[in-house]
Structure formats: C-alpha cells, structure tokens
Undergrad: 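Take a look at the following structure, please.
In what follows, every chain begins at residue 1, and chains take the letters A, B, ... in the order their sequences are listed. These values consider heavy atoms only, across backbone and side chains, with no hydrogens, waters or symmetry-generated copies.
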Protein chains: 2
Amino acid sequence: MRTRRERERAERKRLIVTAARRVAEAEGWNAVTTRRLSAEAECSQPVLYSHFKGKEAVAAAVAVQGFAELATVLRAARRGTHDDRDALAAVREAYTRFARRRPALCDAMFTLTVDLPFAAADAPAALQAAFGELRQAVAPMAADGDDIGLLTETCWAVLHGLASLTRNGRLLEKAHDRRLTLLVSHFAA
Amino acid sequence: MRTRRERERAERKRLIVTAARRVAEAEGWNAVTTRRLSAEAECSQPVLYSHFKGKEAVAAAVAVQGFAELATVLRAARRGTHDDRDALAAVREAYTRFARRRPALCDAMFTLTVDLPFAAADAPAALQAAFGELRQAVAPMAADGDDIGLLTETCWAVLHGLASLTRNGRLLEKAHDRRLTLLVSHFAA
DNA sequence: TCCTGTCGCTAGCACCGCTAGCAATCAAGT
DNA sequence: ACTTGATTGCTAGCGGTGCTAGCGACAGGA
C-alpha cells in the first residue's frame, strides 16, 4: 500500500514534467504555468509544489531530460561512423538537428534555468553524459598538449552560438551548413 | 505649446527606456515590470502603453540601445589598432568585455526580444551598425570567393556562443581567452 | 463662452506564482 | 475495534502581473 502511493506519486511527478515539455514544445514556455501543468497532470497546484520547489524546478527537470536526449542523439551519430573526422561532422550535424527539432527543449537547457550546476562535479548525470559524448567526438582531433575539456567546451560554444542565433531568428537557417564550413576552413591563419 | 507637449512626451518615453535599462542592469529583467517602469518615469501605466505596444516593446527599445552601444565599442576597438589581425583580436576582446559588463543588455539583445527584424533590410540602424563594425573587422581576413556576410555571421555566432554560455554560468569565465586561442588554432585541419 | 478632441488618470479584469489551513485517508498503538 | 497520529491533497486566497476600459481635466477653435 505504502509502495503503491509512492509509485503513484512518482508517476504524477513524471506526468508533470512531460506535460511541461509537451506544452512548451507546442505553445512555448510562456504558456507553461503551474495551473496549466496541474490541470494537465490532473492534480492541484500544491501537489506540484510538493514535487518541485517552483516553476523553475520543473523547467530544470525538463532541461535534464533534454540533455539526456541530446546525449543519446550524439552517441547515435558518433557510432554511425568509423572515421574520426566523419564522427565529428556527424555529431555537429546531430547537434544542429536537435536544436532545430526541439527549440523549447533548448530554451530550457540554455536559456531558462540558471540553477543547474554545470561545470561542477555534482552536475546531473544526463548533463555530463551529453558533454561526454561531445568530448569523445572532439578528443581525436586534439593536438598534443591541448586541454581536451577546454577544446570540447569551445566546440560546444560554437555549435551553441550558431544554433541559438538561428533558433531566435537572428540568422537565416538556410546557410547554416555553409557557416560551419567557413568556420572549419577559416579559423586558422 | 503643442511642441512643448510633444517634447515632454518624447522625454518621458526616453525616461521609460532608460529606467528599464537601469532596473534590468541592477536587478535583472524579472524586476522590470510595467508598474515599476511607470513609477520610475513618474507616470501611469497607460502612458507607458501609449508609447510602447507592451513590455516586450520596451525591452526591444533597450536592445536597440544595446546594439548602438556595442557598435561604438567595436568601432573604438578597431580604430585603436592598425594591423588587420590586431583589429580582429581587439574586436573579439571588446565583444567579450561588452558581454561581461552589460549582461542585462545582452539578455535584451539576444534572449528576450524576438520581434526585432534582424537579417531583413528594415532592421534598426543601430543593429546594422553593430553588424557592420564586426564585418569591417572580419573582411580583411576573408579569402577569395568567401561570402563576407556569411563569414561575419559565423564570427558573430562564435563570439555569441562563448559569451552567452559564460554569462549563463554554463562555462567558467577564467578560461575564456584560452578557448578563443584554441578556436583560432584548431578549426582547420 | 461653449464645444470638441486629446491626454493622462483611477480602477479594474483576468491571470500569475505560491501558500495557509483544512478535510480525508491510511498506519499504528492500545 | 477504536482512537490517534501523520501524511496527503484539496479549496481558497494573497500579493503581484500585463494590460485596458472609461472617466475627468485641459488646450484650441467657434
């Protein structure tokens, strides 16, 4: 009996997170309100607040889901190739596709939540997994003496910069690949 | 008399924008409310709404101010050097410093407002000016046949990616320069 | 002097994030 | 078996939000 209650509670918590993700992807994060989420999860607001500290905590949970999904996407892309250079290119493309297909998820991961520990050791596992996938794709390209972590961060920043400016309408989408090509060919001189 | 009224109205509009910027820089955009802005500008809310379509429009006005300021900062950096390569490096550093010193302004420019036309011909002059400054620093580095606009966009995306991840706590600030160095030395292979 | 139109104000709507305080339900003790 | 204690979810409400309707004051023309 006790365990059933706990199971039902956990299930409702899951419902809240998936509802947040669904509403955000369908109507944007402005449409995500605690009232709306409680309604979608068929419970009252205080129940939501018993699971999460606040609205931001729900968004953080969605963000963690997003990192988990990004990790699996990147892993699949890397494993679909054999050459190191192809692997990095595939990971680049997978990142771009992810950002294009899941803009609301990216908002949660990179814009909304500030409370997630990132560069720390207690960062969520999904987050470390996503970063690890990128690192594995970047590492073979490192030269001797390079700090691979730093190189991975840099690569991440580049992909994020292009994707985020495109996602917010600052850059036109169609030339994305040409920009990446320019980047690869141009930043040594 | 008629002109005095118009002058006073324009002055109050300016007051609202500067209040928004001041509050955002001091306490973050969450503290920027229409009531707060009307209070700071010593008028009522409907007056604010007679000047701006809504809260987002005020943020957009602040963002345009931000682009104007960024343009002057980049211009000063570029003009302080003579060699083309030094100029690009100076512009890079100026961009980073701007992002670090004016985080709230960057939020308005890159995160909050989506209604500003960017890649279009009717983009605000300040915005085109900032982009033009970056273009002038990037252009000398272009190879034959390069699309300079595209190259500028790419450079902008890189700077933005690094700055935005750092600003939101995703990257640790201290290694920023080393990341830029890695970037410049590594992305051709 | 009266009228007309412009202007800014007060007051209020619907909604937000969040919480206090109560009713219902279950586990355990006598 | 009945009470007791705690746990759980609910209704109702607080202060605050973006935004607007509708009214009163004031300038300019007849």
Undergrad: Would you say A:Thr34 places a side-chain N or O within less than 4.0 Å of OP1 or OP2 belonging to C:dC18?
TA: no
Undergrad: Within the structure, does a side-chain N or O atom of B:Arg5 lie under 4.0 Å from either OP1 or OP2 of C:dG8?
TA: no
Undergrad: Side chain of B:Ser44: nearest nucleotide among D:dC19, C:dC9, D:dC10?
TA: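 Closest nucleotide among those given: C:dC9.
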Undergrad: Using a 4.0 Å heavy-atom cut-off across all strands, classify B:Arg9 as base, sugar-phosphate, or nothing.
TA: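 Here B:Arg9 touches the backbone only, sparing every base.
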Undergrad: Are any of the side-chain nitrogens in A:Arg167 or A:Glu173 under 4.0 Å away from the carboxylate oxygens of its partner?
TA: no
Undergrad: Contact class for B:Arg4 vs. all strands (heavy atom < 4.0 Å): base, sugar-phosphate, or nothing?
TA: nothing
Undergrad: Hey, does A:Leu116 have a side-chain heavy atom less than 4.5 Å from the side chain of A:Thr113?
TA: yes
Undergrad: Does the D:dG16 base have a donor-acceptor partner in the side chain of B:Arg35 within less than 3.5 Å?
TA: no
Undergrad: Would you indicate, yes or no, if C:dG8 has its OP1 or OP2 atom less than 4.0 angstrom from a side-chain nitrogen or oxygen of B:Arg12?
TA: yes
Undergrad: Does A:Thr33 place a side-chain N or O at less than 4.0 Å from the phosphate oxygens OP1/OP2 of C:dC16?
TA: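 It does, given that an N or O in the side chain of A:Thr33 lies less than 4.0 Å from OP1 or OP2 of C:dC16.
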Undergrad: Which word best sums up how the rings of B:Phe67 and B:Phe110 line up, parallel for under 30°, tilted for 30 to 60°, or perpendicular for over 60°?
TA: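 Taking B:Phe110 first and then B:Phe67, their aromatic rings stand perpendicular (interplane angle over 60°).
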Undergrad: Which part of the nucleic acid does A:Val58 contact within heavy-atom distance under 4.0 Å: base, sugar-phosphate only, or nothing?
TA: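 Nothing, no nucleic acid heavy atom in range.
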Undergrad: On the 0 to 90° scale, with breaks at 30° and 60°, tag the A:Trp156-A:Phe118 ring pair as parallel, tilted or perpendicular.
TA: parallel
Undergrad: Would you mind telling me which of C:dA11, C:dC9, D:dT11 lies closest to the side-chain atoms of B:Cys43?
TA: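 Per side-chain heavy atoms of B:Cys43, the pick is C:dC9.
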